[in-house]
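For reference, the structure is listed below as structure tokens.
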Amino acid sequence: AAMRYLPYFCRGEVVKGFGRGSKELGIPTANFSEQVVESFPSDLSSGVYCGWACVGNGDVHKMVLSIGWNPFYKNIKKSVETHIIHTFKDDFYGEILSIVITGYIRSEKNFSSSEALISAIQEDIEEAKRQLDLPEHLKLKEDNFFHLPEGKTVSH
Ligand code: ADP
Ligand code: MG
């Protein structure tokens with residue numbers, strides 16, 4: 001079930017990932033904590049999604065998101081990782097990431113090389129940009145979810 005839960009709203013702290021070198025591949029992914037990951041519906045399909053993301057009370061940007069299984073933990077630990085389609089000056093570990101997942105792109109796949117993985121992700125990013133320009137997706141960029149009341153802190 002990929003579409004049934006969409007749009008899906010989620011907010012949580014950005015934690016250290018598993019150091020699989022996403023940043024070295026040019027595609028950093030902001031990881032949610034285990035607690036946030038466990039709050040996802042267990043039958044929300046693993047795979048690649050698109051949507052909107054905002055760090056703290058910053059601007060809302062397009063994003064691609066992967067919901068997957070972590071080989072490091074023998075595939076028993078799910079991870080939810082957001083690549084924001086924006087260039088940030090600094091890392092933002094410890095900050096609150098707010099996302100709304102608006103569309104599904106593809107199921108989880110294995111790749112034989114890092115080149116194949118990178119080119120698949122580049123295609124996902126292009127597909128995300130296209131989907132997110134459609135009115136049903138665009139309207140969620142303006143959702144009140146992204147406008148936190150001044151001075152209010154959020155924790156998950
Ligand atoms: P980790 O394994 O710790 O998740 P990554 O190589 O995936 O490391 O890098 C993720 C970190 O990079 C994020 O937690 C965030 O602080 C930073 N970062 C910088 N730019 C972005 C971006 N455009 N999208 C996501 N994370 C970014
Ligand atoms: Mg990561």
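Positions are given from 1 along the sequence. Atoms within each ligand, like the ligands themselves, are counted from 1 in listed order.
- Sparse packing is recorded around CG of N110, with 12 or fewer heavy atoms of other residues, nucleotides or ligands lying under 6.0 Å away.
- Residue T87 does not touch ligand 1, judged by heavy-atom distances below 4.0 Å.
- Although no hydrogens or angles enter the test, the distance criterion places a donor-acceptor pair under 3.5 Å between the side chain of K62 and the main chain of K129.
- Residue S22 does not count as close to the Mg ion (ligand 2), with no N, O or S atom under 2.8 Å.
- Annotation: angle subtended at the Mg ion (ligand 2) by T29 OG1 and N31 OD1 is 100°, to 10°.
- Rounding to the nearest 0.5 Å gives a distance of 8.0 Å between CD of E126 and CD1 of I85.
- Of the heavy atoms in D91, both backbone and side-chain atoms come closer than 4.0 Å to ligand 1.
- Residue Y5 holds its OH atom at 10.0 Å from OH of Y49, rounded to the nearest 0.5 Å.
- Looking at E108, its side chain does come within 3.5 Å of a backbone N or O of W69 through a donor-acceptor pair.
- Atoms of ligand 1 found under 4.0 Å from any heavy atom of V14, numbered from 1 in the order shown, are 14 (O).
- Those atoms of ligand 1 with a heavy atom of N31 less than 4.0 angstrom away are 4 (O).
- Under a 4.0 Å criterion applied to the non-hydrogen atoms of G17, ligand 1 contributes the atoms 1 (P), 2 (O), 3 (O), 4 (O).
- Close contacts of ligand 1 with T82, meaning ligand atoms under 4.0 Å from a residue heavy atom, involve 25 (C).
- Atom 14 (O) of ligand 1 has its nearest heavy-atom neighbour, among Y93, F92, F88, F32, in Y93.
- The contact set between ligand 1 and H86, taken as ligand atoms under 4.0 Å from a residue heavy atom, comprises 23 (N).
- Counting heavy atoms under 4.0 Å from ligand 1, residue E81 does not touch it at all.
- Taken to the nearest 0.5 Å, the OG1 atom of T82 stands 4.5 Å off from the CD1 atom of I99.
- Aromatic ring pairs are classed by plane angle as parallel below 30°, tilted from 30° to 60° and perpendicular above 60°; the pair F88 and H61 is perpendicular.
- Ligand 1 has an N or O atom lying under 3.5 Å from an N or O atom of S22, backbone or side chain.
- One distance of note links CG of D133 with NE2 of H137; it measures 10.0 Å at 0.5 Å rounding.
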